[in-house]
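Working notes, structure below.
Here is the naming used below: chain letters follow the sequence lines, and residue numbers restart at 1 for every chain.
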Amino acid sequence: MNVGLEHYLTVSAMLFCLGLLGVILRRNVLVIYMSLELMLNAANLALVAFSRFNENLTGQMMVFFIITVAAAEVAVGLALIVALYRKRQSAHVEDLTSLKL
Amino acid sequence: MVLPDILFYLFAFLTLLFGALVVANPFSRNPVTSAMFLVLTICAMAGLFVLLNAFFLAAVQILVYAGAVMVLFLFVIMLLDLKEEQRRKINLFGIVTGTGAVMGLGFLLTKTIWGGDLNQSANPRVIGDTKALGLELFTKGQFLLPFEIVSVLLLVAMVGVILLSKKELK
Amino acid sequence: MNASLIVLELAVGLLGLVVLVQDWFTPAKDRRTLGYGAVLGVAVVLLYSFFAFDGTETLYAFGNAYVLDGLALWFKRFFLLAALLVLIMATEFSDRFESGQSEFFALTLFALAGMMFAASANDFILLFVSLELITVTFYVLVSFLRRRVESLEAGVKYLILGALSSGFLVYGIALIFGASGTMNFNELAERVAGNTTGASSKLLFTGILLVLVGLGFKMAAVPFQIWAPDVYQGSPTPTTAFLAVGSKAAGVVLLMRLLGTAIPDLAFHLEKLLMAMAAATILYGSLCAIPQRNLKRLLGYSSIASAGYLLLGFAVMNRAGSSAILYYLAGYLFTVLAAFTVIAVVVEKAGAEDISALAGLAQRSPLLATSLTLAMVSLAGIPPLAGFFGKFLLLKAVIAEGVRWHAYYWLFAVAVVGVLISLYYYFNVVRAIYWSKGTTDLTPIPVSLPTKFALGVCIAGMLWLGLNPDGALEMAVEAVKSLKLVA
Amino acid sequence: MEPTLSPAGYAALTILLLPLAAAVVALACPCRDPERTANRSIGAIALGFILSLGLFFFAGDKAIETNFNWLSVGDLKVSFGLLLDPLSKLMLLVVTGVGLMIHIYSRGYLHGDRSYSRYFASLSLFTFSMLGIVLANNLFMMFVFWELVGVSSYLLIGFWFEKNSAADAAKKAFLTNRVGDFGFILGIILTWAALGSVNFTELASAVELGGRLADKAAGFSVLAEPLGKIFQSTNWWLVHPNVLVTLVGLLLFMGAMGKSAQFPLHVWLPDAMEGPTPVSALIHAATMVAAGVFMLCRIFFLLDIPGSHALEFIAWIGGFTALLAALMALQQNDIKRILAYSTLSQLGYMVMAVGLHSPQSAMFHLTTHAAFKALLFLGAGSVILACHHEQNIWKMGGLRDAMPRTWWTFRWGTLALCGVWPFAGFFSKDAILAAALDPAHRNIPLFVLGVFVAGLTTFYMSRLVLVAFCGNARSEEASHAHESPGVMTWPLVVLAVPTLLAGAVGIDAYLAKALPSEHAPHNEGFLNNLFAPFNHNILAAGFGLLAVVAGYKLARALYTNAGRDPLPDKLGVLAKMARDRFYFDELYEWFISVTQETLAKVADWFDRWIIAGLLVRGTHGTTELFGRALRLVQTGSLQTYAFLFAAGVVLVLAWQLLLQSPAH
Amino acid sequence: MSLLSSIFLLPLVAALVVLCIPRNYKFVIRLVTLGATLASMLLALALFAKYNAAPVENGFKFVEKHAWVNVSALKLDIGWHLGVDGINLGLIVMGAIVAFAAACVSREITRLEKEYYTLLLVMTGGILGAFASLNLFFFYFFHELALVPTFIMIGVWGHGENRNYATFKITIYLSLGALIALAGLIALYIQSGANTFDIVELTKAVKARPLPLAAQSLIFPLLLFGFGILVSLWPFHTWAPLGYGAAPTATAMLHAGVLKKFGLYGLLRVGIPLMPDGATAWLEILAFLCLGNIVYCGLVAMRQKDLNLLIGNSSVAHMGFIFLGIASLSIVGVTGAVVVMVAHGFLAALTFGLSGALREKTGTLEMEKLGGLLRQIPFLGAALVMAMLAGCGLPGFANFVGEAMVLFGSWRAFPLVTTLATWGALIIGAVYMLRAVRNILHGPEKSEWAALKDASAWAKVPFVLLLAALLLLGVWPRLLTDKIQPSVAAILTMANTKTADKAARPGDVKKAADEAKQRAVQPR
């Protein structure tokens, strides 16, 4: 059959779910963070696909911004993780439970 | 089945495969491998972008993500030199429920997507090349402001990173 | 395209830059002055906002991506005032940041700018970007006390969950764009009304819901509240305060825009969902707070409950409801900031965040005791303070809807239960203030002039909103005029 | 309505308010010198007595009514009203007269007590309330003073409140009276609801108005509908007018039961003897306990309505009380208690008289009884004082020589009480017996009962006299007894006069002007009155005297110089039961503890454990439990948070997309 | 600032003044409080003196109106509207007197006086304001304003080990009641279509167009139970004895005496006249709940070992009479109910004041521990005896008049309930009251209390004041009833019952007799 918007969206949806799965299941903060990047990318894919099939570039502009923001976010996030690692010598989420209840 | 379609299936397959490997790699639980596979995922996605005529974004994807971001990741991993993630007790309940939730989400999304009321013009011909995007960005007012804000955001990120990672003064 | 409209945001952003730059030239010991400078600057901007705009007519800029109407202006002033008080608090607090006091001020200002942009966002891209500006800034602000592992941990938690929520947000935006082919709120509204969206309503709805997720996260509404207690507890008190007021309000204003401008014709489909969320949020916040001993965490739960009361207004989503939201928020601003200011001082003295740290506060500092008591009473929604009239308006709106649909009476009942439970823990705090078990040290706590000023403003605000609601309510009504609402 | 005060009205008002003034002054400014308080009270009542004399002789027989609008809401119109008719005038005389004597007597009796002024204050308060009952012109006012009388008696019985027995007695008296008042107020409410007024005159006219209809009771059928509500039906037998009117009558009578200590509410009176003896004399012999009888006479027209069967019931209650009390009196050894039981049985006589459609004879007996019973009590008081508060007659004896004046007066009182011609008691008692034989409502059983009780009375009084006064002293105190001071003995002498004469001065005839009675006895001058009983109804008089003689002989045979009571051996268990008052107190103790106390226990338990415990604390607990449980969600683990977040998203999406109807 | 508003604004202003006085000038603080309460008491008495029963438009005198909130866009119009009629007049005067008495007995407070007196003044102002306002919003507003100090005072200055529990119980209970009532009031605002909280406006609106039955049967129960909880209607009464047992004397006096009447006043002012049809269904039930108060709580009171708990339960029991009177909807009954409201205000204040003084002197209220005190403390003892006798409905005290009127008025509507209530009034009440007197004052003197001192001259003032009030109204009830009756009549006409009792006047006898004849005719 002919590849249409649905197919791209499906791919992006699956990718999104994969990312989410990673966030939920992995314990290493870095990997969790990567999975988050996956989710963002899934969104990008969806946007690009839409903007292609909707005949306007706004979607792609959005992607452009998302990528930039994501870069910034990653920078801050990684710095944070490093700082925490310095304190805790661990990047495991189980070790982050001093705040609870 | 024409070439683009074949390519689509190819890239889609690769994207998902690599994505899966980022999340759950049966052979190694080393973050480095995850990072590497993330790079591959991104490259595969760049392919999909090309299929969607988003040439500029495909390039940016490779440059920024695979280039900058992932390098940053790897850099941090090296910095912290994370060992092979030693197997902790896998909490099965968590896995089951988690997967269940995600399944649910996936189901809902696909249900929506295949809900059959997508509007797609018959013969799309939007070309997302650098020139077009540039024009979009700098002629249409609606993108100017976000552009400026993003610059502030980057400044904030810089300040933040410096604050968080500079040596503690005793 | 009249770019001059963003003058307020520009001013704030520049102020931030100035603070950053000035940091080089000021020796560490009098960095505080920068803080006061920032306070002054914000104050000036706030005042200027009254001269520059009156918000009667709706102005657009940047290709309708940026709107300046009553609502936007109201919220800009709201954010400015909040930031003003938070900055005072931060300046008093700044000895705790062994380094980077001025960065703290600057970041607060950038977050403020983000919030002010958010107040004017009329386009999903702007919405996303300004939200991200707020969020990313808060990543830093939350984890600002690098010494304290709690602060960092809170930072990471906020980071991961925040990123997760923005992931959903982005995907939602994507779906909305896909369904409607536009990012602009007004166009979206037109297309929905004209139903030229190819009726891809399912896609659109999923998108809206995912955006709702992102905003719900900001407001700390169930089921996206999970981060709030930990982050409130872990982060530095000024940040917590700003998080509780500013970031929540940003979520509120964006949700108002979404429901009131972008999809006014579809909003009613969300009625049940919002009602359910409101009920769940109120109950969750109130119930969890019952056994809570940590002050900041307690306020975290209470802020969840407050989000629930705000959602009541969204569930009603008519003019009465939305103006009630604004009124409640205004009261919430003064109340919560008063509470956090006091807590900041007390915690700094006592070193503990447990309720028992308040023991004998009445003797140690009557001013702090009075302010905190008033704050608690106001939060509990008891006359003659702001909280009472805010809750009164919200509940009135709810009951009014009850005539149309009896489910609202049950919503009211839930709200009542929430109020009752909240009385329980608020009065726990009050009792702690006045009931010293004798053994505690009764050394008086000195209160600096700026703090006195801040508290004075808060108390005045609480009383003013409680005793003379007329003007403020008029303002709120004016503000929501620009939304498409049923009367 | 503006009060129109005739001179008589003024006088009555003065009589009423003087004692109140005395009491208020005593309480408000307790002056150093208690004597002054005493003098004030005595002065007040003395003035009252003089005024009442004036009223009695010069005010004429026409009823004078004075109304002050006291409360008027809707059609509940209550006036502070005074009614002066022969009935109240006579009663005024009795109360103030006897009261005066007892006031004076008290000065001696209580000399040097540390709450001297409190005593006189309460005494004046009592006088005020009693006069209020006498003068009240409507049921509501009467109830008001009724209660005040009750409380002042409470205060006086509990005068020595450090004594547990006194404190308990006071409480018991008040509560028992309250039971009667419960019926009384209900009766008043019903009367008001039925006839639309509480004023005696208006009520009478209302009854008359009903009288012009088929049955007078008809007025009461308006009560049928609300009462029917209780029984869920309006044509139940209970709502028949005759039943209703009887019901109202009996409810009102309950008040009298309480105050006049009629069976089954008689238990409080003997205990009331814990109070100072003058109090017993004034309140629990002469006046207050008579209030019930007075009230019955006041509202006689309500009891007398054809179709009402209240009177029969009243008569039997009275008769039974008379008998019961007399039997109890047989075996008492405490001098005051003997007198208390005799009071009970005399009150029984009076109530019986009312029940026998002869209120005037009841009032007659009330009057005479007031005189001689007061005399007896005061005499007993003087004896007790002489024996240093020894009250057991078996520890006395031979007092006749030690205290002659007391002895003489006491004997006169006894003769009068037994009903020996020509003492006052004879005439009034005879009138009652005659009423029992009155052809209009002849009641032979009650007549027989009355005669028998007369015999018993003579018996136990003779026993008292023989044991206490005759023979020789059985104890130290008795042997050293000496006459009391004049301030105490002179009242005895004064009271002895009416004890002798009151019978034949034509009181009954005077009463007949106020009270409805078939063949009104008319006053034919003192001498004729002396013999009137014999030629008017020889049967009654004869049997009465016979009973007296029999009783005296028996007592004489048993108790002359007896060292101890021979009766228990003869009567055995009956005597014991009599001594233990037929176990009524124990019965009531038990009954109350099984009913009211149990109810209270249950209610308290329910309150403590079900409402406050299970429901309230339960809710509180569950809420807190929810809180603690819900709180566990905040595990602090990022993964859990992420999962919950995702789950929340799925939840929201599912809710909206699957459950809600999708947009258009 | 006119007479009426100054009565309750004065204490509020005084509260601010006290707030500004440094905390170690205790004497000044106390002086200001006493002065303010005394002044407002005198003003209230002046009000009472100036009030005459002459009919006026809307039936309210001393009316004050200002606009407060008026937002046309929301159709929200809340105005400041004060006024008195026969019903709240007595309550205001009573409240002012009790407030002064409460200020007098507050000497027992020895820590954080400043806060205490501030709260006391706020409470006073709130109470009086609530009764003075004719706008339901301020009616509620001032009530809440008075409630908060109650809670805090109990929590901070309260007695007893279970003080905390008591505090929270009373807080939650009363707030629940208030919120339910608020729901009812708002619903009334909306459903009346008048979009106003102004009682006068509402009355007009309802007269013009009665509320739909559905609305009435929704709103009335809300008001009934909302207010009922505030008045400790059975079975929502358990907070009262506990709370009063734990409360500081003044708080107990003010709340049990005055603030508690808020619910009854609201029910009478709003519930009955505006929702007659809604009421009819519920009054039967209310009448039976009254028994819960009168009989059940009376029985509970019998079992109490602690004087305060006994008094608390008895005050709950007295509420029953007021409810019964209101439920009877007869002019006698309702007027009686209002009289009881006032009388019980004085009585409750008196009893709690005395028990407070007793605890101050002996340190305990356990009745076994006490005994034979009448010798040592003749004044307090005598006052307590009088209070107790007043409590069991002795003529001469105002309570008797009110309760008697209630019984007279309600017999026709609820014969059975009234009969049982009479039992409760005359006997159950007497039992526990006398038991208290017997155990505390009578009986042999105990050595440990030999050194007890009677109240000082100053300490006697409040009790004398309250006793005088009780006696005055008891001896001369028309002082109140003549003022109350017209207002009650107006309310009852709205509740469309005949203002005159159905109880037969002599004229009805004929009719009744005819009925009797007919009944005689038909075979039974």
Side-chain angles (χ1 to χ4, degrees), chain A residues 2-11 13-22 24-28 30-31 33-35 37-38 41 44-45 48-49 51-58 60-61 63-65 67-76 78-83 85 91-92 94, chain B residues 4-5 8 12 15-16 19-20 22-24 31 34-35 38 41-42 45 48-49 52-54 57 60-61 64-65 68-69 72-73 76-77 79-80 82 85 88 95 98-99 101-102 105-106 109-110 113-114 118 120-121 124 126 128 132-133 136-137 143 146 150 153-154 157 160-161 164-165:
Chain A
N2 200 334
V3 172
L5 180 52
E6 294 87 347
H7 303 77
Y8 284 99
L9 287 184
T10 319
V11 175
M14 291 166 82
L15 199 60
F16 192 81
C17 294
L18 275 175
L20 187 57
L21 203 61
I24 294 176
L25 294 187
R26 293 307 294 270
R27 296 199 183 81
N28 186 318
L30 281 161
V31 182
Y33 215 53
M34 293 182 209
S35 317
E37 293 306 317
L38 270 186
N41 279 298
N44 292 351
L45 181 55
V48 175
S51 93
R52 166 93 188 306
F53 287 92
N54 279 351
E55 297 196 36
N56 83 39
L57 280 175
T58 319
Q60 296 200 16
M61 296 309 304
V63 174
F64 175 74
F65 286 113
I67 292 176
T68 333
V69 169
E73 219 176 52
V74 166
V76 176
L78 288 176
L80 192 47
I81 292 167
V82 171
Y85 189 88
H92 277 287
E94 282 94 345
Chain B
D5 297 0
F8 164 77
T15 315
L16 293 175
V22 174
V23 173
S34 301
L38 184 53
T41 323
I42 288 164
M45 272 184 67
L48 286 174
F49 282 10
L52 289 167
N53 301 351
L57 285 183
V60 172
Q61 185 85 349
V64 177
Y65 257 115
V69 176
L72 204 54
F73 264 101
V76 169
I77 298 169
L79 184 75
L80 308 182
L82 294 172
E85 181 177 334
R88 309 206 176 187
I95 292 179
T99 335
V102 176
L105 184 65
L109 287 179
T110 34
I113 292 162
W114 295 94
L118 294 176
Q120 36 190 305
S121 45
V126 177
L133 286 179
E136 278 282 314
L137 180 55
F143 301 117
V150 164
L153 181 55
L154 289 171
V161 170
L164 289 170
S165 47

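- Per-residue heavy-atom pair counts under 4.5 Å with chain A were compared for B:G98, B:G106, B:G160, B:P146, and the maximum is reached by B:P146.
- Contact record, A:V11 with B:L16: O-CD2, 3.9 Å, taken as the closest heavy-atom pair.
- In this structure the side chain of B:L164 never reaches within 4.5 angstrom of the side chain of A:V82, judged on heavy atoms.
- For A:F65, the part lying near chain B is the side chain, with the backbone staying farther off; criterion is any non-hydrogen pair under 4.5 Å.
- A:N41 and B:Q61 are linked by a side-chain donor-acceptor pair at a separation below 3.5 angstrom, with hydrogens and angles left out of the test.
- Contact between A:L30 and B:I77 at its shortest, heavy atoms only, is CD1-CG1, 3.9 Å.
- Between atom CG of residue A:L38 and atom CD1 of residue B:I42 there is a gap of 7.5 Å, rounded to the nearest 0.5 Å.
- Residues B:G19 and A:L18 come closest through the heavy atom pair C-CD1, 4.0 Å.
- For B:V64, the part lying near chain A is the side chain, with the backbone staying farther off; criterion is any non-hydrogen pair under 4.5 Å.
- Top candidate by heavy-atom pairs under 4.5 Å with chain A, chosen from B:A24, B:A35, B:A68, B:A12, is B:A35.
- If you measure heavy-atom distances from B:V161 to chain A, the contacts under 4.5 Å come from both the backbone and the side chain.
- Taking all atoms of both residues into account, the shortest heavy-atom contact from B:L154 to A:T68 is CD1-CG2, 4.3 Å.
- Scanning both residues, A:A75 and B:L72, for their nearest heavy atoms gives CA-CD2, 4.0 Å.
- Note on ring orientation: taking the six-membered ring where Trp is involved, the planes of B:F73 and A:Y33 are tilted (angle from 30° to 60°).
- Contact between B:L153 and A:A72 at its shortest, heavy atoms only, is CG-CB, 4.3 Å.
- With a 4.5 angstrom heavy-atom cutoff, A:S51 touches chain B only via backbone atoms.
- Interface residue A:L45: backbone and side-chain heavy atoms are both found under 4.5 Å from chain B.
- Atom-to-atom distance recorded for A:L25:CG and B:T99:OG1 is 5.5 Å, nearest 0.5 angstrom.
- No other option in A:I24, A:V48, A:I81 has as many heavy-atom pairs under 4.5 Å with chain B as A:V48.
- Using a 4.5 Å heavy-atom cutoff, the side chains of B:M45 and A:L15 are in contact.
- Counting only heavy atoms from C-beta outward, the side chains of B:S34 and A:R26 approach each other to under 4.5 Å.
- Taking CG of B:L137 as the start and CG of A:L57 as the end, the distance is 11.0 Å to the nearest 0.5 Å.
- Rounding to the nearest 0.5 Å gives a distance of 10.0 Å between CD1 of B:I113 and CE of A:M14.
- Remark: A:M34 CE to B:T41 OG1 distance equals 10.5 Å, nearest 0.5 Å.
- For the pair A:F53 and B:L52, the minimum side-chain heavy-atom distance is below 4.5 Å.
- Residue contact with chain A, scored on non-hydrogen atoms closer than 4.5 Å, involves the backbone and the side chain of B:T15 alike.
- Using a 4.5 Å heavy-atom threshold, the side chains of A:F64 and B:L133 count as separate.
- Here B:F49 contributes atom CZ and A:N44 contributes atom CG; the two are 5.0 Å apart, rounded to the nearest 0.5 Å.
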